[in-house]
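When a ligand or atom number is given, it counts from 1 through the structure's own listing order. All residue numbers refer to positions in the sequence shown, counting from 1. Basis for what follows: all heavy atoms, side chains included, without hydrogens, waters or symmetry-related copies.
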Amino acid sequence: MIYVCSDLHGYPLTAFKELLKSVGFTKNDTLYILGDVIDRRGDGGVEMLSWIIRQKNVKMIMGNHERMLLDCKGIFDKSRGLRMDDVLALDDYLYNGGAVTIETLEKLREKDSGEFTHIMGYLEKLPCYDETEVNGRKFVFVHGGLEDFKSHRRLYDYDGYDLLWSRPEMTDEYFKTKTVILGHTPTSLYGEEYRGRIIITPTWINIDTGAAYGEGPALLRLDDMEVFYGEKTYETD
Ligand SMILES: [Mn+2]
């Protein structure tokens with residue numbers, strides 16, 4: 001079976017493992033995580049990243065938050081002073097909830113620099129999109145959306161900004177023959193009636209249910225399009 005989730009943003013690893021257990025997820029299944037594992041809450045998602053890296057059947061896509069962290073990775077290099085581009089990137093990142101992740105990563109770097117390097121190296125190599133086919137139905141995975149969509153435009157012709165920061169309008173339509181699965185925009189931003197629930201449109205599905213804000217993350221099974229929701233975690237805020 002193929003499962004997809006997105007925007008965990010520091011969701012507790014134990015609660016996430018419970019969700020996987022509840023659907024009977026095994027080594028024979030595959031899980032795609034559509035970015036934004038880090039930032040905003042908990043330990044900033046660092047423990048989750050350490051876990052993801054060690055799972056052969058979990059594939060991650062780049063989110064705008066992973067991109068922002070990488071853009072200011074110079075701040076972890078203590079052999080030189082901060083440069084102006086570090087400061088600008090850091091400013092942007094802190095504004096978007098990166099402080100908790102920087103703090104956890106800094107502690108990890110001091111305690112276990114090998115693991116720190118492993119995590120940063122893994123993030124550097126993340127793809128900005130992926131594709132798969134399940135029971136003859138084609139799927140595209142991307143964090144934000146396909147900005148300035150044209151049906152003839154190839155996926156590799158979109159730049160990072162187009163894929164990681166795009167927020168489709170409810171009426172936007174993508175491919176006729178492929179369903180795009182995306183996150184990035186909490187579904188409640190499309191209307192209170194969608195809070196904590198995925199949104200299914202004719203050409204794209206938004207699975208960011210707002211785990212960053214205490215809602216349970218969604219786990220979508222592509223084989224039968226069944227959706228499962230993780231436990232809400234407001235109390236840890
Ligand atoms: Mn995002």
Side-chain angles (χ1 to χ4, degrees), residues 3-12 16 31-46 48-49 52 58-73 89-102 104-105 119-120 122-130 139-149 155 158-170 172 174 180-191 194-199 201 204-220 229-230 233 237:
Y3 294 85
V4 198
C5 71
S6 191
D7 294 81
L8 294 169
H9 280 304
Y11 187 72
F16 189 66
L31 170 66
Y32 287 89
I33 303 180
L34 309 187
D36 283 10
V37 164
I38 60 171
D39 303 341
R40 298 216 189 275
R41 63 202 302 257
D43 73 338
V46 176
M48 184 78 76
L49 282 178
I52 290 170
V58 176
K59 299 180 180 189
M60 193 176 153
I61 309 278
M62 180 84 77
N64 60 311
H65 282 258
E66 284 81 23
R67 188 65 261 162
M68 283 188 283
L69 167 62
L70 292 170
D71 287 345
C72 65
K73 68 174 181 178
L90 180 62
D91 190 44
D92 207 28
Y93 187 44
L94 292 176
Y95 176 76
N96 283 287
V100 63
T101 313
I102 290 176
T104 309
L105 282 173
I119 287 177
M120 297 303 274
Y122 176 84
L123 295 179
E124 291 273 11
K125 293 193 199 81
L126 290 180
C128 286
Y129 64 86
D130 206 343
F139 294 95
V140 173
F141 304 128
V142 66
H143 180 65
L146 302 171
E147 191 71 18
D148 193 21
F149 175 79
L155 285 171
Y158 291 85
D159 65 24
Y161 194 87
D162 290 339
L163 301 173
L164 303 186
W165 289 89
S166 185
R167 295 193 193 280
E169 299 286 331
M170 194 67 108
D172 283 355
Y174 294 145
V180 178
I181 315 279
L182 50 84
H184 181 56
T185 307
T187 52
S188 60
L189 292 186
Y190 290 92
Y194 300 112
R195 180 174 292 279
R197 290 287 174 264
I198 69 168
I199 292 177
T201 80
W204 54 266
I205 300 174
N206 180 329
I207 59 169
D208 177 7
T209 48
Y213 309 102
E215 299 293 338
L219 189 60
L220 175 64
Y229 293 97
T233 54
D237 282 352

Q. Hey, are the side chains of L34 and D7 touching, using non-hydrogen atoms and a 4.5 Å cut-off?
A. no
Q: Output all residues satisfying salt bridge (charged side-chain N to carboxylate O under 4.0 Å, His left out) with D71, sequence neighbours left out; order by chain, then residue number.
A: R67
Q. Does the H9 side chain pair with the main chain of I38, one donor and one acceptor, at a distance under 3.5 Å?
A. yes
(Q) Pairing donors with acceptors under 3.5 angstrom, does anything connect the side chains of D208 and H184? (A) no
Q) Closer than 2.8 Å to the Mn ion (ligand 1), which protein N, O or S atoms? A) D36 OD2, N64 OD1, H143 NE2, H184 ND1
Please table the atom pairs, donor to acceptor, closer than 3.5 Å between any side-chain atom in residues 90-98 and protein atoms at least two apart or in another chain.
from, atom 1, to, atom 2, distance (Å)
Y93, OH, D39, OD1, 2.5
Y93, OH, D39, OD2, 3.4
N96, ND2, D92, O, 2.9

Q: Using the test salt bridge (charged side-chain N to carboxylate O under 4.0 Å, His left out), find all partners of D159 that sit at least two apart in sequence or belong to another chain.
A: none
